[in-house]
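Note sheet for the following structure.
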Amino acid sequence: MRILLAEDDELLGSGIKAGLTQKGFHVDWVRDGVAAERELLTGEHQAVVLDLGLPRQDGMDSLKAARARRIATPVLVLTARDAVSARIEGLDAGADDYLVKPVDLHELAARLRALVRRAHGQTQSRLTAGPVTLDPAAHQVWLDGAPVELSGREYDLLQVFMLNAGRVLSREQIEQHLYKWGTEVASNTVEVHIYNLRRKLRAELIETVRGVGYVLRRDGSPVG
């Protein structure tokens with residue numbers, strides 16, 4: 001999952017980024033409210049961790065600007081503002097969750113996974129598509145109940161497909177989900193990972209929609 005972190009405290013930000021990275025997230029980190037708004041408006045992240053007391057622009061203003069532009073990316077506010085009135089304001093402004101610092105990284109990761117699941121219409125902690133099951137918390141995959149060994153990038157790609165089951169994704173959209181800012185991606189990288197997933201799972205699981213992209217059906221069957 002590609003996450004945007006907006007936090008100006010260097011020590012806290014580096015700790016959160018390191019902790020979430022260790023739990024399988026890809027974290028893009030900005031340090032002020034103007035940059036937070038700019039990245040929020042791209043809609044390229046699957047979730048956002050947003051501090052409110054940011055320099056240049058308050059995080060609340062960044063959030064309101066994104067919601068005014070109908071950006072639906074889940075936003076978890078992480079702030080020192082612990083008053084009930086501040087929580088109410090944040091949630092009414094469009095935040096999907098609200099946590100007060102300091103935060104346990106295990107809880108933060110679990111809340112982010114839950115936000116992303118709900119944003120994609122998933123109600124269960126495990127994602128399923130036909131014979132394939134993926135557990136984001138345990139970082140494990142099963143095919144017909146048997147564990148499957150995937151590389152880190154293959155796992156990330158499968159998770160993107162399963163969160164977007166039934167939706168055709170272009171190569172550019174897939175790259176946005178998988179890679180952090182400034183990463184040079186070879187032209188055939190996504191195709192290579194899809195080939196490996198088909199080989200390790202089932203060839204028909206991920207279907208090519210010629211000239212558009214790729215799709216995974218919720219039931220695991222070919223689009224037809």
Side-chain angles (χ1 to χ4, degrees), residues 1-33 35-37 39-40 42-55 58-60 62-63 66 72-84 86-87 89-91 93-120 122-127 133-141 150-160 162-163 176-183:
M1 296 182 190
R2 186 177 170 195
I3 302 297
L4 175 66
L5 170 63
E7 171 59 60
D8 65 315
D9 185 291
E10 288 291 329
L11 184 60
L12 179 59
S14 61
I16 291 174
K17 180 176 181 178
L20 290 180
T21 299
Q22 195 172 46
K23 294 181 181 301
F25 294 89
H26 299 285
V27 182
D28 295 324
W29 180 16
V30 297
R31 295 161 174 80
D32 66 71
E37 179 180 331
E39 296 306 323
L40 261 168
T42 68
E44 293 180 355
H45 298 86
Q46 291 176 286
V48 179
V49 178
L50 178 67
D51 184 23
L52 297 183
L54 294 170
D58 191 82
M60 192 74 75
S62 304
L63 174 59
T73 306
V75 174
L76 184 153
V77 168
L78 178 61
T79 180
R81 301 177 190 176
D82 59 355
V84 172
R87 300 187 190 201
E89 182 185 4
L91 294 169
D96 300 275
D97 203 352
Y98 195 106
L99 281 176
V100 176
K101 300 174 184 177
V103 66
D104 180 89
L105 277 172
H106 297 287
E107 180 182 4
L108 178 59
R111 285 177 181 260
L112 286 171
R113 289 192 295 266
L115 288 179
V116 173
R117 284 200 310 270
R118 290 200 294 270
H120 289 83
Q122 301 281 352
T123 58
Q124 303 298 319
S125 59
R126 289 185 174 185
L127 307 177
T133 300
L134 182 148
D135 187 333
H139 216 263
Q140 293 181 337
V141 175
L150 300 178
S151 71
R153 195 63 73 188
E154 291 163 2
Y155 173 90
D156 291 340
L157 177 58
L158 179 61
Q159 186 174 32
V160 168
M162 295 186 76
L163 284 169
Q176 287 173 359
H177 285 303
L178 293 182
Y179 297 99
K180 295 184 289 185
W181 297 324
T183 302

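Keep in mind it's a predicted model, so treat the numbers as computed, not measured.
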Roughly how far apart are [X] [atom1] and [Y] [atom2], rounded to 0.5 Å?
| X | Y | atom1 | atom2 | result |
| --- | --- | --- | --- | --- |
| Glu44 | Asp28 | CD | CG | 8.5 Å |
| Arg153 | Asp156 | CZ | CG | 6.0 Å |
| Asp82 | Lys101 | CG | NZ | 12.0 Å |
| Leu112 | Glu107 | CG | CD | 10.5 Å |
| Leu50 | Leu52 | CG | CG | 6.0 Å |
| Arg111 | Leu99 | CZ | CG | 4.5 Å |

If every non-hydrogen atom of [X] is compared with every non-hydrogen atom of [Y], which pair is closest and at what distance?
| X | Y | answer |
| --- | --- | --- |
| Met162 | Leu127 | CE-O, 3.3 Å |
| Tyr155 | Gln140 | CE1-N, 4.0 Å |
| Gln46 | Met1 | OE1-CA, 2.9 Å |
| Asp9 | Leu11 | OD1-N, 3.1 Å |
| Leu54 | Ala36 | CD1-CB, 4.3 Å |
| Leu105 | Gly19 | CD1-CA, 3.8 Å |

Would you say [X] and [Y] make side-chain contact, with heavy atoms under 4.5 Å?
| X | Y | value |
| --- | --- | --- |
| Leu108 | Leu76 | yes |
| Val100 | Arg87 | yes |
| Thr73 | Leu4 | no |

Inset, instruction - Quick one: do Arg113 and Phe25 satisfy side-chain contact (heavy atoms from CB on, under 4.5 Å)? Show the steps, please. - result: CA-CA 10 Å; Arg113 289 192 295 266; Phe25 294 89; 4.0 Å; yes
Legend entry - side-chain contact (heavy atoms from CB on, under 4.5 Å) assessment of Leu134 paired with Gln159: CA-CA 7 Å; Leu134 182 148; Gln159 186 174 32; 4.0 Å; yes
Legend entry - Flag if over 12 foreign heavy atoms under 6.0 Å of CD, Glu10: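 Correct, the count exceeds 12.
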Inset, instruction - Apply the test side-chain contact (heavy atoms from CB on, under 4.5 Å) to residues Leu12 and Asp51: give CA-CA distance (whole Å), side-chain angles for both, the deciding distance (0.1 Å), then the verdict. - result: CA-CA 11 Å; Leu12 179 59; Asp51 184 23; over 6 Å; no
Legend entry - Electrostatic pair Asp58-Arg81, nearest N-O below 4.0 angstrom: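 Here Asp58 pairs with Arg81 in a salt bridge, since their nearest N and O are under 4.0 Å apart.
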Legend entry - Whether Trp29 side chain and Glu7 backbone form a donor-acceptor pair below 3.5 Å: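 Yes.
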Inset, instruction - Tell me yes or no: between the side chains of His106 and Lys23, is some donor less than 3.5 Å from an acceptor? - result: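 Lys23 and His106 do have a side-chain donor-acceptor pair below 3.5 Å.
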